[in-house]
Asks: 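Starting off with a structure, shown below.
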Protein chains: 2
Amino acid sequence: MKRPTMADVARHANVSKSTVSQYLNKRYHYMGEETKLRIEKAIQTLGYEANVLARSLKQKKTSTIGVIVANILHVFSTQIIRAIEDVCHEHDFHVIVCNADDDPAKEKKYIQMLRAKQVDGFIVFPTGENKALYEDLLQEDYPLIFIDRLVEGVAVDAFLLDNHAAVQLAVDHFLSKGHERIGIITTSLIHHVTPRVERMDAFGEILKHQAITFGRAYQRGLETRDIKAGLMEMLALEEPPTAILAGNDLALIEILKAVKAYKLRIPEDFALIGIDDIPFAGLFDPPLTTIAQPTFRMGKEAADLLIHKINGVEDLKSSQIHRFPPRLIQRASC
Amino acid sequence: MKRPTMADVARHANVSKSTVSQYLNKRYHYMGEETKLRIEKAIQTLGYEANVLARSLKQKKTSTIGVIVANILHVFSTQIIRAIEDVCHEHDFHVIVCNADDDPAKEKKYIQMLRAKQVDGFIVFPTGENKALYEDLLQEDYPLIFIDRLVEGVAVDAFLLDNHAAVQLAVDHFLSKGHERIGIITTSLIHHVTPRVERMDAFGEILKHQAITFGRAYQRGLETRDIKAGLMEMLALEEPPTAILAGNDLALIEILKAVKAYKLRIPEDFALIGIDDIPFAGLFDPPLTTIAQPTFRMGKEAADLLIHKINGVEDLKSSQIHRFPPRLIQRASC
DNA sequence: CTGTTAGCGCCTTCAT
DNA sequence: ATGAAGGCGCTAACAG
């Protein structure tokens with residue numbers, strides 16, 4: 001039994017399709033009270049539901065946005081997604097989320113797919129290797145917003161943590177606790193992923209005096225699988241760091257695994273701060289001191305801006321970088 | 001600059017729209033080599049990309065499935081979603097995920113929305129309060145599959161953990177460690193959510209001898225916010241349990257929060273096993289013994305079956321309950 | 001081997 | 001206040 005169409009409703013109510021359409025779109029203008037009732041009744045008895053596909057085809061608008069996250073394993077990504085969904089829900093927009101898995105080819109495929117589906121705009125955590133793709137989107141006036149990462153030469157609105165401030169916060173806290181030999185470990189830098197690079201650079205700059213002494217030995221960007229080994233190497237140095245900053249949640253987890261595996265003690269063997277406030281941070285032993293991002297606000301503001309761009313109430317061509325302040329959550333690991 | 005349409009490509013290549021359509025759909029059959037080249041070139045120079053909406057409208061098929069999870073906060077849900085996405089990706093299907101937040105009204109709204117979007121089928125973690133809705137779907141021959149939960153009187157294929165076996169596994173392990181007074185804490189039972197009810201029932205049945213003695217005091221289904229208090233009450237009993245089974249990950253986390261807050265010791269104060277293998281289980285202090293579900297297999301098999309139903313290679317009307325075996329992951333909390 | 005024709009379900013002037 | 005007609009972009013016979 002196939003689904004009823006607008007024509008069925010019209011026939012049932014003895015009106016024309018266009019009248020039904022008016023009714024559905026609340027163009028009640030001067031529609032007869034009795035007509036409305038007849039239509040409503042027909043809709044009920046038939047169990048009619050509009051076909052969004054047909055509507056979108058005609059209106060050239062799907063009320064759907066695409067979100068491409070570089071790597072959904074980051075808690076940051078999942079939190080941002082929640083925030084985006086909240087605001088979209090309010091505005092009767094829908095969200096399709098795709099996970100590029102840090103793979104530029106996948107990212108490209110998903111963007112094409114979502115364009116084919118006629119999404120009205122994009123929020124993306126760019127892998128960074130698809131510059132031409134973003135430029136295409138822009139040139140076609142596709143509303144586009146970046147989160148967490150930038151792509152050099154692509155001028156779009158972007159929402160990022162103030163990474164320098166985040167590192168500063170951590171380093172200051174380490175220093176206040178008397179630590180002088182401070183290291184940083186983060187995930188791989190080879191793809192020039194913005195937050196990793198910015199955090200690493202900020203770290204080097206803030207601690208340039210120690211960089212002269214310890215240099216690269218204290219600052220490592222490694223593939224996830226190599227982090228445990230990298231940490232142990234760092235700790236095996238003649239003058240090992242007494243404090244370590246985990247550049248993001250994935251790095252933090254690897255460090256915690258090593259702590260467990262090698263029965264290290266925190267903060268006795270080394271103090272630890274992680275950027276990104278993972279959900280279980282407070283439940284660990286010891287509870288973990290972290291730097292939190294205002295993820296909810298970031299996601300909300302990004303989504304608001306995108307929807308405004310889609311609705312034409314905001315300049316399509318704006319390309320500001322919106323920086324958000326980090327917050328230190330002091331627990332016991334430092 | 002608007003996006004090019006098939007007509008544009010056709011004009012550019014000096015062929016008709018249908019020829020372009022054939023080309024796109026690989027109906028090359030006997031198409032002239034030279035024609036193909038012309039079309040290909042036109043597509044390239046125009047940057048043409050097919051409009052999936054129009055295609056779907058015509059074909060009455062969107063190659064998209066809807067997934068409605070009751071509560072995305074359960075790690076179980078997120079793992080299942082990953083598995084579903086994997087198999088859909090293989091079959092060139094797309095997935096739209098919606099989170100009902102354990103709210104039947106939201107669930108209903110999402111199902112209607114996805115139907116309006118013409119998804120080809122559903123995988124749902126039902127809240128349980130929308131029986132009529134599911135019956136409608138079924139009656140319209142909508143491919144539908146349940147995961148994790150059942151709805152009484154709605155005959156559809158369902159993929160669930162063998163909850164009795166899971167509880168048995170946990171209890172046996174407790175017993176083997178010499179525990180005789182065993183309690184269970186899980187999230188609220190008021191909505192008759194299948195896994196909670198089944199686990200609680202299994203628990204009562206397996207430990208009926210102790211149920212006579214301790215009864216409800218040892219078996220509690222509580223709102224998340226009340227779990228900490230409930231645990232403390234249980235521990236304050238004259239004969240407190242020496243072992244506690246957490247009915248799911250959310251209950252487990254609440255228990256861990258209480259452990260932290262009240263400085264309890266595990267397994268000295270009580271032994272602990274959680275159903276659902278949360279990601280950080282091995283990193284806790286002590287590492288947590290858990291009962292894992294084969295989430296990946298469950299998600300994969302559910303998605304495979306749904307796609308088969310959509311493609312008509314599997315009986316639409318089947319309504320088997322597929323049970324999956326749990327697995328004990330022994331760590332140190334018991 | 002390629003073009004013509006007729007919709008898919010809905011929306012939107014423009015008449016009436 | 002309501003209806004008729006055309007078209008969104010694509011596909012699927014059926015001709016040619």
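Proteins come first, then strands; the chains are lettered A, B, ... in the order of their sequence lines, and each starts at number 1.
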Asks: Does the pair B:Asp141/B:Lys317 count as a salt bridge with the N-to-O cut at 4.0 Å?
Replies: yes
Asks: Describe the nucleic acid contact of B:Ser56 in one word from base, sugar-phosphate, nothing, applying a heavy-atom distance below 4.0 Å.
Replies: nothing
Asks: Give each protein N/O atom lying under 3.5 Å from an N/O atom of nucleotides 7-10 of chain D, with the pair distance.
Replies:
from	atom 1	to	atom 2	distance (Å)
D:dG7	N2	A:Lys58	NZ	3.2
D:dG7	N3	A:Lys58	NZ	3.2
D:dC8	O3'	A:Lys60	NZ	3.3
D:dG9	OP1	A:Lys60	NZ	2.6
D:dC10	OP1	B:Tyr48	OH	2.5
D:dC10	OP1	B:Asn51	N	3.0
D:dC10	OP2	B:Thr5	OG1	3.2
D:dC10	OP2	B:Met6	N	2.5
D:dC10	N4	B:Lys17	NZ	2.6

Asks: Supply the atom-to-atom distance A:Phe76 CZ to A:Asn71 CG, rounded to the nearest 0.5 angstrom.
Replies: 12.5 Å
Asks: Take atom CG of A:Asn14 and atom P of D:dG3, then tell me their distance rounded to the nearest Å.
Replies: 9 Å
Asks: Under 4.0 Å between a side-chain nitrogen and a carboxylate oxygen: does that hold for B:Arg115 and B:Glu140?
Replies: yes
Asks: Nearest whole Å is fine: how far is C:dG9 C1' from B:Lys117 NZ?
Replies: 16 Å
Asks: Taking only N and O in the side chain of B:Ser16, is any of them less than 4.0 Å away from OP1 or OP2 of C:dG3?
Replies: yes
Asks: Nucleotides 13-15 of chain D: which of its N/O atoms have a protein N/O under 3.5 Å away?
Replies:
none

Asks: Check the distance between C:dT2's C1' and B:Arg11's CZ and give it to me in whole angstrom.
Replies: 18 Å
Asks: Tell me, which pairs form a ring pair (Phe, Tyr, Trp, His ring centres under 6.0 Å) where one or both residues lie in residues 128-147 of chain B, sequence neighbours left out?
Replies: B:Phe122-B:Tyr142, B:Tyr134-B:Phe146
Asks: Inspect the contact between A:Arg38 and A:Glu34 and indicate whether a charged nitrogen and a carboxylate oxygen are less than 4.0 angstrom apart.
Replies: yes
Asks: Using a strict threshold of under 4.0 Å (side-chain N to carboxylate O), is an ion pair present between A:Lys309 and A:Asp157?
Replies: yes
Asks: Between B:Lys300 and B:Asp304 (salt bridge meaning N to carboxylate O under 4.0 Å), is one present in this structure?
Replies: yes
Asks: Using side-chain heavy atoms (C-beta onward) and a distance below 4.5 Å, is B:Thr127 in contact with B:His191?
Replies: no
